[in-house]
Amino acid sequence: MINTMFVSQKQKHIVETPDTGKWELAGYEAALPVTEKSNPITREIDKADPVQIVHLLKECDAEIFQEEDDTLVNYKRLYSASVLQTMMDVTKKVEAILKDPEHSLIILSGCGTSGRLAFLLATSFNKLLKGLHKNPSYAYIIAGGDKAILTSQEAPEDNPHLGVEALKRVCAGKKKVLFIGISCGLSAPFIAGQLDFCLNNLDVFTPVLVGFNPVSMARNEIIEGWHLTFRQVAEKMEEVQETRRAFILNPAVGPEGISGSSRMKGGSATKIILESLLLAAHKATSNNKEVTAKNLLDWMKTYEKVHKITYSQGKMIAAMVKQAGTSLEKMGRIYYIGWQTLGVMGIIDASECVPTFGTDFSDVRGFINKGYKEMANREGDLTSRGPEFEISHEDFMKNVLPDVTENDTVVFIFTLDDDLLEIEKLANQVKNKTPNLHAISHVTTGQYVSANIKKTFASVMSMTWPIVFFEYEGFFLQKFQRELSTKWILNAISTGGHILKGKIYFNHMIDLKVSNSKLFRRAVAILQRFTSRSPIICQEALLKSIYETDDLSDEIRNIKISTHTTLAATKFKVVPTALVLLTRNCSVAEAMSRIQAKPVVRDTIDRYLTAPGRKRTADQIEMHRDEENE
Ligand SMILES: C[C@](O)(c1ccc(-c2ccc(S(=O)(=O)c3ccc(N)nc3)nc2Nc2ccccc2)nc1)C(F)(F)F
Ligand SMILES: O=P(O)(O)OC[C@@H](O)[C@@H](O)[C@H](O)[C@@H](O)CO
């Protein structure tokens with residue numbers, strides 16, 4: 001049992017490894033951010049079959065809506081009174097901005113998935129305003145710029161100066177700005193910089209922080225080149241919140257099904273909270289009525305129905321997961337062909353696979369009708385930047401379809417309000433290349449998928465939604481709900497497909513690319529968890545693996561993390577290699593050749609970590625000492 005959780009003040013962010021099996025007692029779990037915890041529901045998801053995988057993900061997603069309970073540790077939840085009160089306070093700030101679009105602005109900002117959702121929300125709400133013949137009041141910022149909508153840009157997340165520069169650029173000339181910074185883990189330096197800038201300019205800015213950890217679990221590591229940690233910024237936000245000049249919306253939604261993968265529950269909860277809040281504000285403005293906590297609760301409760309309707313199709317989702325796993329195992333590809341914002345959901349899910357599963361951009365790709373015209377992103381057409389930026393159906397037809405084989409899986413995603421003739425024509429051309437052609441179609445009660453369409457696809461998953469009688473905002477609520485339903489299905493397909501391919505160990509993605517400081521910390525933490533070695537020893541093994549050296553110089557030990565992550569981003573399998581180093585006490589070269597020899601990470605690790613025949617659970621993993629004769 002260790003007596004101190006933290007090493008000396010100098011390295012206070014280093015967290016000691018509890019003795020094996022003492023993780024809960026040592027308070028380690030207590031300090032561990034909810035967004036980084038291993039979810040007990042999915043502890044053995046790597047051994048689950050497609051039907052079980054979908055069931056486990058459904059259970060995880062259901063935790064988003066779980067009410068506050070009176071257990072030992074009680075975090076505020078989505079429906080908690082304090083969360084609803086803060087949402088109401090923020091709607092009033094939104095209404096004030098909507099009254100004066102010329103001199104004010106609502107900015108949504110985030111990194112990775114949070115930035116992609118910022119783009120989607122800002123674009124959708126500007127469309128809502130346009131339909132009312134009003135000028136746009138929303139803008140978005142994504143770390144790394146528009147190319148980050150489509151490709152993984154992990155490094156800019158660590159740069160608070162980049163965040164501040166982008167913020168200044170986007171709101172030049174505005175007198176009143178509502179800044180909504182989204183960081184699911186309360187951890188992105190890019191967002192910390194922006195929030196701090198707002199806190200120093202409260203005459204113009206009202207900062208709102210959206211995330212899914214308590215402030216006490218906000219990241220407390222010194223940010224390179226900055227004077228504050230994320231936690232210090234969050235604590236300043238809390239102080240200012242007392243005077244209603246800043247707001248924090250941070251309900252717990254429970255750990256992710258794949259530990260740390262905040263694109264999943266974090267992304268879904270971001271959509272639910274911000275769409276409910278903004279729609280309520282727009283409705284109150286057009287009806288000239290006050291927003292009540294009950295309005296907000298009603299809006300958010302409708303998303304709970306989306307969870308029920310979506311996962312009622314669990315069997316069909318499982319069939320698509322199985323198909324995805326088969327394609328990926330055969331080194332085939334998965335293509336999402338979507339219409340309107342459902343095409344954006346496909347592009348978002350596909351772009352997340354690279355940083356999440358360490359795959360190539362070509363393994364899972366999303367395409368959208370009319371390409372960048374439909375996206376309406378600020379920087380316009382990015383096609384010339386390379387093949388990963390080709391996103392239109394025409395690009396798919398011209399540059400991808402000719403090479404599609406029966407190993408590939410194609411998923412069409414549309415509603416019956418889209419151009420059905422175009423859909424049928426495109427589907428028939430795809431059908432000539434692969435029998436694995438599936439459809440996700442969203443219909444309104446009373447609408448039915450035609451027999452023609454049905455016979456074109458190997459399977460059609462049809463989601464039936466109730467007709468909305470709400471006013472104008474109701475049409476957008478229905479669109480948002482179809483987007484969330486699609487997100488849950490595509491997240492299941494891409495996550496389940498990679499689980500079946502053997503990429504996940506228990507519920508962890510061990511072979512992660514260590515391309516920014518959060519991923520570096522996660523890599524060290526995963527090594528601690530699976531070897532029970534100290535963080536220092538684990539960090540040394542990781543550095544030996546990154547620098548491919550058996551004796552680390554003090555110079556390497558002391559250079560800044562961004563140097564380590566910049567180099568690590570160019571390497572493969574650094575974490576599995578470090579794991580072998582820690583369990584075999586061998587040279588880096590030997591560890592690398594062993595990993596090369598066994599591509600499926602899980603089998604490699606299993607061999608080293610558990611004595612044959614032992615029931616393995618992540619926490620009781622004993623470091624498996626070398627057999628002398630091995
Ligand atoms: C659950 C597990 O033990 C684990 C997995 C990941 C981490 C971990 C990852 C990243 C980070 S982080 O420093 O980038 C960070 C991110 C967000 C935030 N609010 N605060 C800090 N910290 C992690 N663990 C951790 C952080 C603080 C205190 C104790 C543990 N810690 C533990 C493992 F089994 F997956 F390894
Ligand atoms: O929203 P956060 O916690 O600041 O995380 C921002 C990004 O790191 C995160 O979105 C990442 O790109 C995803 O792959 C997570 O599944």
Side-chain angles (χ1 to χ4, degrees), residues 5-6 12-18 23 26-40 43 109-118 142-144 148 151-158 181-192 209-223 229-231 234 250 255-267 269-270 348-349 351-357 491 494-495 505-510 512-513 515-532 535 538 561 575 618-619 621:
M5 267 301 293
F6 297 91
K12 72 177 178 344
H13 63 270
I14 296 233
V15 184
E16 270 312 319
T17 307
W23 296 79
Y28 179 86
E29 294 293 352
L32 179 57
V34 176
T35 55
E36 291 292 342
K37 284 184 190 296
S38 163
N39 194 316
R43 179 177 298 291
S109 177
C111 310
T113 298
S114 296
R116 295 178 189 114
L117 293 174
I142 177 168
T151 57
S152 159
Q153 304 292 322
E154 300 294 315
E157 174 174 324
D158 279 341
I182 308 163
S183 179
C184 299
L186 268 52
S187 71
F190 185 89
I191 300 297
L209 168 57
V210 174
F212 307 102
N213 279 317
V215 169
S216 62
M217 288 181 171
R219 193 164 166 196
N220 209 24
E221 191 181 340
I222 303 285
I223 294 172
T229 67
F230 198 109
R231 187 174 310 167
N250 63 326
E256 296 288 350
I258 301 297
S259 63
S261 185
S262 62
R263 76 185 187 114
M264 301 174 81
K265 291 164 76 177
T270 297
I348 290 176
D349 185 78
S351 62
E352 291 157 347
C353 289
V354 172
T356 306
F357 304 108
N491 285 174
S494 55
T495 301
Y505 192 61
F506 291 100
N507 53 11
H508 303 286
M509 178 56 206
I510 291 206
L512 69 147
K513 191 176 281 265
S515 47
N516 65 30
S517 60
K518 175 174 69 173
L519 298 172
F520 186 91
R521 291 277 161 244
R522 190 176 300 158
V524 173
I526 281 180
L527 292 171
Q528 287 177 252
R529 176 71 65 169
F530 285 102
T531 65
S532 298
C538 290
I561 287 210
V575 182
D619 292 345
I621 273 173

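For reference, positions follow the sequence shown, starting with 1. First listed ligand is number 1; within each ligand, the first listed atom is number 1.
- Listed by atom number, the atoms of ligand 1 under 4.0 Å from Arg522 heavy atoms are 6 (C), 9 (C), 10 (C).
- Contacts between Gln528 and ligand 1 below 4.0 angstrom, taking non-hydrogen atoms only, are absent altogether.
- Between Tyr505 and Phe530, the angle of the ring planes lies from 30° to 60°, which puts this pair in the tilted group.
- Considering only heavy atoms from C-beta on, Thr151 stays 4.5 Å or farther from Val354 through its side chain.
- Glu256 contributes a side-chain N or O that, together with a main-chain N or O of Gly266, makes up a donor-acceptor pair within less than 3.5 Å.
- Near Ser38, with a cut-off below 4.0 Å to any heavy atom, the atoms of ligand 1 are 1 (C).
- The line from CZ of Arg116 to CD1 of Ile348 is 7.5 Å long, rounded to the nearest 0.5 Å.
- Contact record, Glu36 with Gly260: OE1-CA, 3.8 Å, taken as the closest heavy-atom pair.
- Between Ser517 and ligand 1, not a single N/O pair is under 3.5 Å apart.
- The proximity of Ile526 to ligand 1, defined as any non-hydrogen pair under 4.0 Å, involves the side chain as well as the backbone.
- The distance from ligand 1 to the heavy atoms of Asn213 drops below 4.0 Å at these ligand atoms: 19 (N).
- With respect to Arg263 and Asp349, a salt bridge is recorded, a charged nitrogen being found less than 4.0 Å from a carboxylate O.
- Set against the non-hydrogen atoms of Glu221, the atoms of ligand 1 under 4.0 Å away are 13 (O).
- In plain terms, the two heavy atoms of Ile142 and Gly112 that are nearest each other are CD1-O, 4.0 Å.
- Thr35 places no side-chain N or O within donor-acceptor distance of the main-chain N or O of Cys184, the cut-off being under 3.5 Å.
- Judged by distance alone, the side chain of Gln153 and the main-chain N or O of Ala143 form no donor-acceptor pair under 3.5 Å.
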Need the list: ligand 2 N/O atoms against protein N/O atoms, distance under 3.5 Å, rounded to one decimal.
{"unit_1": "ligand 2", "atom_1": "1 (O)", "unit_2": "Ser114", "atom_2": "OG", "d": "2.7"}
{"unit_1": "ligand 2", "atom_1": "1 (O)", "unit_2": "Cys184", "atom_2": "N", "d": "2.8"}
{"unit_1": "ligand 2", "atom_1": "3 (O)", "unit_2": "Cys184", "atom_2": "N", "d": "3.2"}
{"unit_1": "ligand 2", "atom_1": "3 (O)", "unit_2": "Gly185", "atom_2": "N", "d": "2.8"}
{"unit_1": "ligand 2", "atom_1": "4 (O)", "unit_2": "Ser183", "atom_2": "OG", "d": "2.7"}
{"unit_1": "ligand 2", "atom_1": "5 (O)", "unit_2": "Lys518", "atom_2": "NZ", "d": "3.2"}
{"unit_1": "ligand 2", "atom_1": "8 (O)", "unit_2": "Glu157", "atom_2": "OE1", "d": "2.7"}
{"unit_1": "ligand 2", "atom_1": "8 (O)", "unit_2": "Glu157", "atom_2": "OE2", "d": "3.4"}
{"unit_1": "ligand 2", "atom_1": "8 (O)", "unit_2": "Lys518", "atom_2": "NZ", "d": "2.9"}
{"unit_1": "ligand 2", "atom_1": "10 (O)", "unit_2": "Thr113", "atom_2": "N", "d": "3.0"}
{"unit_1": "ligand 2", "atom_1": "16 (O)", "unit_2": "Ser262", "atom_2": "N", "d": "3.2"}
{"unit_1": "ligand 2", "atom_1": "16 (O)", "unit_2": "Arg263", "atom_2": "N", "d": "3.0"}

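- The shell of residues lying under 4.0 angstrom from ligand 1, judged by heavy atoms, includes Ala31.
- At distances below 3.5 Å, at least one donor-acceptor pair connects side-chain atoms of Asn213 with backbone N or O atoms of Val34.
- For the atom pair CD1 of Ile526 and OG of Ser38, the computed distance is 9.5 Å after rounding to the nearest 0.5 Å.
- Nearest-heavy-atom check against atom 19 (N) of ligand 1 across Gly185, Ala525, Ser187 picks out Gly185.
- Which parts of ligand 1 touch Met217 is read off a 4.0 Å heavy-atom cut-off, strictly below it: atoms 18 (C), 19 (N), 20 (N).
- Heavy-atom proximity to atom 23 (C) of ligand 1, evaluated over Leu32, Thr17, Asn220, Leu527, is greatest for Leu32.
- Residue contacts with ligand 1 for Lys518 involve both N, CA, C or O and side-chain atoms from C-beta outward (heavy atoms, distance under 4.0 Å).
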Subject >> Intermediate values then yes/no, side chain to side chain contact (heavy atoms under 4.5 Å, CB included), Arg219 and Ser517 >> reply: CA-CA 11 Å; Arg219 193 164 166 196; Ser517 60; 2.7 Å; yes

